[in-house]
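We count residues from 1, following the sequence as given.
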Amino acid sequence: MSFPLLTATAAVPAIGAIVTAAVPAARRTAAKWIALTFSLATLVLAAIALVRFEPGGDRYQLTESHDWISDFGVRYELGVDGIGVSLMALTALLIPFVIAAGWHDADPVETKSSRWRPTQGFFALILMVEAMVILSFEATDVFLFYILFEAMLIPVYFLIGGFGDRAHAGGDEAGATQRSYAAVKFLLYNLAGGLIMLAAVIGLFVQAGTFSLTEIAAARADGTLDMSTGMERWLFLGFFVAFAIKAPLWPVHTWLPNAMGEATAPVAVLITAVVDKVGTFAMLRFCLQLFPEASKWATPVVLVLALISIVYGALLAVGQRDIKRLIAYASISHFGFIIMGIFAMTSQGQSGATLYMINHGISTAALLLVAGFLISRRGSRLISDYGGVQKVAPVLAGTFLIGGLATLSLPGLAPFVSEFLVLVGTFSRYPVIGIIATIGIVLAALYVLVLYQRTMTGPVNESVRHMPDLKLRELAVVTPLIALLLFLGVYPKPLTDIVNPAVEHTMSDVHKSDPKPEVEAAP
């Protein structure tokens with residue numbers, strides 16, 4: 001039997017979480033290095049999987065299949081297409097930066113609310129989230145995916161509530177209350193979506209007699225599994241609602257600003273750049289593949305919701321006074337673009353949406369982590385507490401600017417390519433939606449540049465006059481992310497070569513082809 005590469009890629013961070021948690025309390029530094037080592041080992045395995053993946057080969061590659069709960073038809077089935085392997089690699093890439101950026105975030109502090117802040121637990125939880133997210137990108141058994149989809153909520157809940165941001169304007173006790181509120185809200189929203197999805201998973205099994213994604217899709221394709229129109233639509237809604245909450249999509253988005261605002265910057269990156277991608281990925285893998293007719297039926301409503309997310313998220317970002325909440329609302333706007341690209345039902349739109357997932361992960365990580373370094377120096381998340389930072393910390397200001405410009409999709413940086421493809425793909429089939437969505441681009445320029453102007457330019461605020469510039473560890477975190485933004489901005493071909501064949505399969509699932517351009521006949 002060949003080496004189970006996909007299992008190993010998920011098992012290494014899971015083992016790392018156990019080992020890290022078992023380190024004695026007094027060996028905090030050792031626990032950090034152990035966690036970082038296991039995350040780098042995971043990155044190596046993910047890179048091997050990416051290299052071994054053949055874009056022109058079978059749809060699902062590196063597959064594994066074993067009996068698990070035979071009485072209920074549940075199997076341990078893994079396999080990756082071009083979209084899954086790319087997001088798996090993104091996850092493995094970002095976690096070492098998350099760990100390095102959060103190197104001191106769980107160090108003990110003498111405050112009234114620091115009843116339980118074990119450093120080992122913080123890094124173990126991060127590795128556990130990584131293991132579950134990677135496995136969710138690999139799972140081709142619907143029930144296995146559901147278990148992972150729900151289980152990853154628990155470590156994230158503890159990361160928000162137990163290791164939240166210490167920079168709170170209301171003081172330590174108010175901050176502890178807000179962290180608890182944000183953690184509970186995150187958990188309740190996503191558990192509600194998971195319960196709805198569970199009903200749909202059971203309904204799908206009753207209809208198909210199996211949880212295997214590949215078997216169900218094959219049965220749908222050859223006509224041996226014929227669902228009624230009503231049943232398919234109900235099942236689609238059960239899956240879609242859970243994924244829309246996870247993504248998140250308006251109007252079930254309100255947990256994200258609270259969670260990102262109260263979490264530390266590295267954990268906020270973990271939430272929006274890693275965990276939330278499971279929702280948009282699942283729309284492509286499960287909604288469109290299992291319920292093609294229902295997906296087309298729901299497309300007009302989904303596009304309107306995505307459009308509202310784009311404009312609404314950008315408008316609220318403009319008015320924010322909190323740096324991290326501004327980035328959170330910007331992410332809601334970006335997820336609107338991703339979902340719009342998925343349901344535009346064009347190859348450009350879906351390729352752009354997949355690239356957007358990857359590029360948004362990198363750009364948001366860069367911006368959020370630099371914002372975290374900034375906040376840790378001043379001890380405040382309020383924009384009004386800054387000013388003139390570029391005069392005292394020019395490297396910090398410069399990296400913050402590049403992350404912000406990537407967020408507004410400046411040409412030459414990676415997100416521009418994906419946003420352009422999404423808009424082109426949407427406009428070719430739904431021109432009115434595509435035109436209105438461009439409002440989000442204008443608003444993005446407004447909230448990013450205003451944020452930079454108020455924090456980095458102008459007279460030097462007395463509270464930042466002696467602010468140190470980025471240190472070596474912080475530069476080691478930010479520099480590779482910026483380099484990736486520049487490289488993929490001018491040469492996205494390595495990603496598009498992997499993603500495009502998977503998009504073609506998805507377009508075939510929903511029986512859609514790209515609209516032909518209307519060309520007037522020559523006189």
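- Atom CZ of Phe97 has more than 12 neighbouring heavy atoms from other residues, nucleotides or ligands inside a 6.0 Å radius.
- Side chains of Phe239 and Met283 form no contact here, defined as non-hydrogen atoms less than 4.5 Å apart.
- For the pair His253/Trp250, a side-chain contact is recorded, criterion being any heavy-atom separation below 4.5 Å from C-beta on.
- Smallest separation of non-hydrogen atoms from Asp497 and Pro55: O-CB, 3.3 Å.
- Ring pair Tyr312/Tyr329 is perpendicular by interplanar angle, where above 60° counts as perpendicular and below 30° as parallel.
- In this structure a side-chain-to-backbone donor-acceptor pair under 3.5 Å is missing from Thr7 to Pro4.
- Counting non-hydrogen atoms of other residues, nucleotides and ligands closer than 6.0 Å to CZ of Arg473 gives a total above 12.
- By the 4.0 Å N-to-carboxylate-O rule, Lys246 lies too far from Asp276 to be salt-bridged with it.
- Atom CZ of Phe420 sits in a sparse spot, with 12 or fewer heavy atoms from other residues, nucleotides or ligands closer than 6.0 Å.
- Aromatic rings of Tyr157 and Phe186 (six-membered ring for Trp) have centroids beyond the 6.0 Å cut-off, not under it.
- Classified by interplanar angle (parallel below 30°, tilted 30° to 60°, perpendicular above 60°), the ring pair Phe149/Phe145 is tilted.
- Ser65 and Arg75 share a side-chain donor-acceptor pair at under 3.5 Å.
- Here NZ of Lys277 is found 12.5 Å from OG of Ser136. Values are rounded to the nearest 0.5 Å.
- Side-chain N or O atoms of His360 include none that pairs as donor or acceptor with a backbone N or O of Thr407 at under 3.5 Å.
- Between Phe291 and Phe286 the shortest side-chain heavy-atom distance does not fall below 4.5 Å.
- Residue Phe211 is tested with Tyr146, Phe143, Phe72, Trp68 for a ring pair (Phe, Tyr, Trp, His ring centres under 6.0 Å); the sole match is Phe143.
- Residue Trp33 places its CH2 atom among 12 or fewer non-hydrogen atoms of other residues, nucleotides or ligands, all under 6.0 Å distant.
- Donor-acceptor pairing under 3.5 Å is recorded for the side chains of Glu215 and Thr210.
- No donor-acceptor pair closer than 3.5 Å links the side chain of Glu130 to the backbone N or O of Ile95.
- The minimum heavy-atom distance linking Ala31 with Thr20 is given by the pair O-CG2, 3.7 Å.
- Within the 3.5 Å criterion, the main-chain N or O of Ile342 finds a donor-acceptor partner in the side chain of Gln350.
- The CD1 atom of Ile435 lies 5.0 Å from the CZ atom of Phe427; values are rounded to the nearest 0.5 Å.
- Nearest heavy atoms, Gly404 versus Val448: O-CG1, 3.3 Å.
- Remark: Lys32 fails to qualify as a cation-pi partner of Phe123 under the 6.0 Å distance and 45° angle criteria applied to the six-membered ring.
- Of the charged side-chain nitrogens involved, at least one lies within less than 4.0 Å of a carboxylate oxygen, so that Asp509 and Arg59 count as a salt-bridged pair.
- No side-chain donor-acceptor contact under 3.5 Å links Arg285 to the backbone of Ile83.
- Remark: the Thr280 side chain and the Tyr356 side chain contain no N/O donor-acceptor pair separated by less than 3.5 Å.
- For the pair Phe335 and Pro248, the minimum side-chain heavy-atom distance is below 4.5 Å.
- When all heavy atoms are compared, the tightest approach of Ala200 to Leu235 is O-CD2, 3.4 Å.
- A donor-acceptor pair is defined here as one N or O able to donate and one able to accept, closer than 3.5 Å; such a pair exists between the side chain of Ser428 and the backbone of Gly425.
- Ser333 contributes a side-chain N or O that, together with a main-chain N or O of Ile310, makes up a donor-acceptor pair within less than 3.5 Å.
- Taking CE of Met132 as the reference point, atom OG1 of Thr91 lies at 14.0 Å (rounded to 0.5 Å).
- Of the N and O atoms on the side chains of Glu504 and Ser347, not one donor lies less than 3.5 Å from an acceptor on the other residue.
- Proximity of Ile99 to Pro266: side-chain heavy atoms (C-beta onward) are nowhere separated by under 4.5 Å.
- Contact record, Leu288 with Ser295: CA-OG, 3.6 Å, taken as the closest heavy-atom pair.
- Note that CD1 of Ile402 is 9.0 Å distant from OG1 of Thr479, once rounded to the nearest 0.5 Å.
- Atom-to-atom distance recorded for Phe137:CZ and Leu148:CG is 11.0 Å, nearest 0.5 angstrom.
- At a threshold of 4.5 Å between non-hydrogen side-chain atoms, the residues Asn359 and Leu485 do not count as touching.
- Side chains of Ser351 and Asn500: a donor on one and an acceptor on the other come within 3.5 Å.
- Without hydrogens or angle criteria, Gln61 side chain to Asp81 main chain gives no donor-acceptor distance under 3.5 Å.
- Considering CG of Leu5 and CG of Leu78, their distance stands at 10.5 Å, rounded to 0.5 Å.
- Ser212 has its side chain within reach of Glu77: a pair of non-hydrogen atoms, C-beta onward, lies under 4.5 Å apart.
- Distance alone, capped at 3.5 Å, is enough to place a donor-acceptor pair between the Glu64 side chain and the Leu6 backbone.
- Remark: the backbone N or O of Pro415 is paired with a side-chain donor or acceptor of Ser418 at under 3.5 angstrom.
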